[in-house]
Amino acid sequence: MSGSTAADCELCEAARFTHWYHEDELCWVADCEVCSVPMVVWQRHGASPSEAEVEAMLATLSAVAAARFGDGAFTIDRTMRQVPTHFHAHARDEHWWAERMSRAMSRYTGVGGERVTR
């Protein structure tokens, strides 16, 4: 089903209720609703984008994470735990695990702009 969307995939649904940092034809980057860190999601349903697409998506995610956490203050986690059928990756700062339940969630205010919490 690569190259399209899946009706039962929450990443294809792309519900907009956390902060969205970026969106283009390839991917979108928004705060993950579970861990509140930036997450890049491929616009097409599937787990295997081309290497060029992966490189471009991770570069976009890294730019967002550097702006939010600082250069070198994050790692990229490509393990697709909860939605293994749709490519996505997270940018995690060193405190994400300890603070994942206490961080204020962001809210959607459009794509780009200032991150606003609830």
Side-chain angles (χ1 to χ4, degrees):
M1 180 155 221
S2 183
S4 62
T5 59
D8 61 345
C9 175
E10 66 182 272
L11 295 179
C12 287
E13 178 185 7
R16 296 175 188 237
F17 51 87
T18 62
H19 183 69
W20 279 52
Y21 300 89
H22 170 88
E23 182 177 29
D24 61 22
E25 307 86 35
L26 179 62
C27 63
W28 49 270
V29 180
D31 281 342
C32 172
E33 68 185 70
V34 175
C35 50
S36 195
V37 297
M39 171 180 71
V40 66
V41 178
W42 192 22
Q43 289 279 18
R44 295 170 202 83
H45 185 77
S48 303
S50 72
E51 283 303 314
E53 290 172 318
V54 169
E55 184 177 324
M57 287 189 279
L58 295 182
T60 300
L61 178 60
S62 293
V64 166
R68 179 165 166 196
F69 301 126
D71 287 330
F74 62 90
T75 57
I76 301 296
D77 180 359
R78 290 182 54 179
T79 303
M80 300 185 296
R81 292 175 185 83
Q82 295 191 15
V83 187
T85 59
H86 191 136
F87 180 85
H88 63 287
H90 294 80
R92 302 192 187 281
D93 67 306
E94 66 179 293
H95 306 292
W96 82 272
W97 181 256
E99 297 177 358
R100 72 190 186 289
M101 303 304 259
S102 61
R103 282 185 172 166
M105 292 295 291
S106 63
R107 64 182 175 88
Y108 182 74
T109 59
V111 178
E114 186 174 334
R115 183 176 182 267
V116 177
T117 58
R118 298 173 195 197

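Numbering starts at 1 and runs along the sequence shown. In this text the structure is predicted, and so the values were computed from the model without any measurement.
- One finds the CH2 atom of W96 at 11.5 Å from the OG atom of S36 (value rounded to the nearest 0.5 Å).
- Nearest heavy atom pair, residue A91 against residue V37, reads O-CB, 3.2 Å.
- Closest non-hydrogen pair, C12 versus T5, comes out as SG-CA, 3.7 Å.
- Annotation for V116: hydrophobic cluster partners, listed by chain and number, are none (ILVMFWY side-chain heavy atoms under 4.5 Å, direct or chained).
- Screening residues 18-34 for salt bridge (charged side-chain N to carboxylate O under 4.0 Å, His left out) gives R16-E23, D31-R68, D31-R115 as the qualifying pairs, with residues at least two apart or on separate chains.
- Within the structure, side-chain hydrogen bond (donor to acceptor under 3.5 Å, both in side chains) contacts touching residues 54-64 (residues at least two apart or in different chains) do not occur.
- Between atom CD1 of residue I76 and atom NE2 of residue H90 there is a gap of 10.5 Å, rounded to the nearest 0.5 Å.
- Annotation: side-chain hydrogen bond (donor to acceptor under 3.5 Å, both in side chains) contacts of S102 (sequence neighbours excluded): none.
- Atom CD in E114 sits 8.5 Å away from atom NE2 in H19 (nearest 0.5 Å).
- Summarising the geometry, atom CZ belonging to F17 is positioned 7.0 Å from atom CZ belonging to R118; distances are rounded to the nearest 0.5 Å.
- Under the ring-ring contact (aromatic ring centres under 6.0 Å, His included) criterion, F87 pairs with no residue at all, not counting sequence neighbours.
- Separating the CG atom in L26 from the CE atom in M57 is a distance of 5.0 Å, to the nearest 0.5 Å.
- Side chain of H86 to backbone of W42: a donor-acceptor contact under 3.5 angstrom is found.
- By the rule that hydrophobic residues join a cluster once side-chain heavy atoms approach within less than 4.5 Å of another member, W97 and M80 end up as members of one cluster.
- In this view, H22 satisfies the ring-ring contact (aromatic ring centres under 6.0 Å, His included) rule with no residue, not counting sequence neighbours.
- The side-chain contact (heavy atoms from CB on, under 4.5 Å) test applied to A66 returns D71, F74, not counting sequence neighbours.
- Sorted by first and then second residue, the salt bridge (charged side-chain N to carboxylate O under 4.0 Å, His left out) pairs involving residues 73-86 (not counting sequence neighbours) are D77-R81, D77-R92.
- Residue pairs that meet the salt bridge (charged side-chain N to carboxylate O under 4.0 Å, His left out) test with at least one member in residues 98-112, sequence neighbours left out, are D93-R103, E99-R103.
- For A98, there are no side-chain contact (heavy atoms from CB on, under 4.5 Å) partners two or more places apart in sequence or in a different chain.
- Between C32 and T18, the closest side-chain pair of non-hydrogen atoms is not below 4.5 Å.
- Here NE2 of H88 is found 9.0 Å from OG1 of T85. Values are rounded to the nearest 0.5 Å.
- Clustering of Ile, Leu, Val, Met, Phe, Trp and Tyr by side-chain heavy atoms under 4.5 Å joins W28 with L11, W20, M39, V41, V83, Y108, V111.
- Under the salt bridge (Lys or Arg N to Asp or Glu O under 4.0 Å) criterion, E13 pairs with no residue, sequence neighbours left out.
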